[in-house]
Amino acid sequence: MQTVTLIPGDGIGPEITESVTQILKSAGAEINWDIQSAGADVAETEGSPLPDRVIESIKKTKVALKAPVTTPIGKGFRSVNVALRKSLDLYANLRPCKNIEGIKTRFENVDIVIVRENTEDLYAGIERQIDNDTAESIKIITRKASTRIVEFAFEYAIKNNRKLVTAVSKANICKLSDGLFLECAREVAKKYPQIEYKEILVDNLCMQLVQKPEQFDVLVLPNLYGDIVSDLCAGLIGGLGIAQGANIGKDAAVFEPVHGSAPDIKGQNKANPTALLMSAIEMLKYINQNDIANKIEKALFKTIKEQKVLTPDLCGNATTTEYTNEIIKNM
Ligand code: NAI
C-alpha cells in the first residue's frame, strides 16, 4: 500500500477528484490517500491557501495527485500551484499531448511532449508598482534552471524513444534572458548527439503548431511560453478536459491536469475528469502500479472510442457521474 497526498482543490476539483478516486478504487489501486485541502477556503480558516501541512505531507509521501485550485486574478494571494512547485522544487512540468482515438479534432498525428521550466521566468513573482501608471515585472532566467530543464527534456527523449528536442525562446527580443536559455540548451544538446536538436521562436512555433503540429516532438520552454503553449497544444488534441500534466523534481512529483478550476461549470456534474484521470494513470506508473494503470487506460480509451457516454466538452451529453460509471463498467 502506497501513501499518496491528495489535494482535491476547489471549483470542479472535488467533483473530478471523487470520480478519479472511485475509478482507482474499482481498479484495485493500492493507495492510501492523505487528503490535504488547499485554496481560498483554507486561506480563510488557516491564514494561508497553502498551509505547511500540505508541503510536509508531500515531502513525506513524495508523490501527490492534485486537482485544480483557483487563483484570484489581478489581486489576492499568490498562486498555490506556483508556490507548491517552488517550495518542492518541482522544476519540470511535463505535459504530453497526443491524439486520442474517438476525439474529433482538426489535427491528426499530434504527439508532442511539452517540457516547461517550472520555477522561474516571470513566475518568480517579482513585481512592483513604480507609480500609479507604471508597473514592472521581472523575468528571471538562470543557467542552473535552464540547464537542468533542457537536460530533463533530453533524458526524457532518450527514455521514451523520442527523436527531436526543440528549444523555444524569444531570444531575438529578450537577448540576455532568453539568450542565456538558448546558450544552455545548445551546451546540453552537444551531450546528446543521438537526439536531433532544433530551435524556434515562440511566435513562429504558435503558427506552426496550428498548421503542422505533427512536425514537433519534444518541446522545451521557459515557464511563461510553456504555460501558454501547453494550453494551445491541449486545444490541438481536443481541449483542456483531456490534457494531463506532471510536476517533477528530484525528491517529489505532483501529478495534475493542465486545466484550472473551471468556476463556470462548478457543481453542475458536467466536468470532464479525464485530464485528472490521465494524470493519475501517470502517477500510478510512477509508483510502479503499471498493471492497474494499464487497466484504467484501456477502459478510458474504450469509453472515449465508443463515443456513447461523453461529457459536454467532448460533444456528449453525459454527466460526470455517468462517464465515471461507464469507465468503471468498461474495466
Ligand atoms: P480553466 O481551465 O479553469 O477553464 C477554461 C475553460 O475550460 C472553461 O470554459 C472551463 O469550463 C473549461 N474546462 C476546464 N477544465 C474542464 C474540464 N475538466 N471539463 C470540462 N471543461 C473544462 O481556466 P480559467 O477559467 O482561466 O481559470 C480558472 C481558475 O483556475 C483560475 O483561478 C486559475 O488561476 C485557476 N487555474 C488553476 C490551475 C491549477 O490548479 N493547476 C491551472 C490553471 C488555472
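Remember, it's 1-based here, ligands and their atoms both numbered in the order they're listed. Keep in mind it's a predicted model, so treat the numbers as computed, not measured. We count residues from 1, following the sequence as given.
Using a 4.0 angstrom heavy-atom cutoff, Ile16 does not count as in contact with ligand 1. Using 4.0 Å as the threshold, Ala275 has no heavy atom nearer than that to any atom of ligand 1.
Counting heavy atoms closer than 4.0 Å to ligand 1, residue Thr70 contributes atoms from both its backbone and its side chain. In Lys270, neither the side chain nor the backbone holds a heavy atom less than 4.0 Å from any atom of ligand 1. Both the backbone and the side chain of Thr71 come within 4.0 Å of ligand 1, judged by heavy-atom distances. When heavy-atom distances to ligand 1 are checked against a 4.0 Å cut-off, Ile12 comes that close only through its side chain, counted from C-beta outward. Under 4.0 Å from ligand 1, heavy atoms of Asn272 appear from its side chain as well as its backbone.
Interatomic distance, CD1 of Ile12 versus CG of Asn269, reported as 11.5 Å (0.5 Å rounding). Taking CG of Asn172 as the start and CG of Leu201 as the end, the distance is 4.5 Å to the nearest 0.5 Å.
Considering only non-hydrogen atoms, atom 25 (O) of ligand 1 lies nearest to Pro263 out of Pro263, Ser230, Gly260. Closest to atom 8 (C) of ligand 1 by heavy atom, among Asp264, Val258, Asp231, is Asp264. Here the shortest heavy-atom distance to atom 3 (O) of ligand 1, taken over Ala262, Ala67, Ala40, belongs to Ala262.
Using modelled atom types and a 3.5 Å distance limit, the side chains of Gln129 and Thr134 yield no donor-acceptor pair. Side-chain atoms of Thr320 and Ser19 form no donor-acceptor pair, as typed in the model, at a separation below 3.5 Å. Side chains of Thr61 and Thr3: no donor on one and acceptor on the other come within 3.5 Å. Inspection of the Arg85 and Asn93 side chains reveals no N or O donor paired with an N or O acceptor under 3.5 Å.
Those atoms of ligand 1 with a heavy atom of Leu240 less than 4.0 angstrom away are 2 (O), 5 (C), 7 (O). In summary, the atoms of ligand 1 found under 4.0 Å from a heavy atom of Glu256, numbered by their order in the structure, are 41 (N). Heavy-atom proximity to Ile265, at under 4.0 Å, picks out these atoms of ligand 1: 11 (O), 20 (C), 21 (N). Within the listing of ligand 1, atoms 37 (C), 38 (C), 39 (C), 40 (O), 41 (N) sit less than 4.0 angstrom from a heavy atom of Asn81.
Not one N or O of Pro257 is nearer than 3.5 Å to an N or O of ligand 1, by distance alone. Considering backbone and side-chain atoms together, Ala271 places no N or O closer than 3.5 Å to any N or O of ligand 1. Of the N or O atoms in Lys66, one or more lie within a sub-3.5 Å distance of an N or O in ligand 1.
Scored by the side-chain hydrogen bond (donor to acceptor under 3.5 Å, both in side chains) test, Arg53 finds Gln36, Ser37, Glu46 as partners (sequence neighbours excluded).
Ring orientation note: the planes of Phe152 and Tyr91 are nearly perpendicular, at an angle over 60° on the 30°/60° scale.
Between Phe255 and Tyr286, a ring centre-to-centre spacing shorter than 6.0 Å is recorded.
Applying the under-4.5 Å side-chain rule to Ile, Leu, Val, Met, Phe, Trp and Tyr, the cluster around Val258 extends to Leu240.
For Asp52 and Lys59, the salt-bridge test fails: no basic side-chain N is under 4.0 Å from an acidic carboxylate O.
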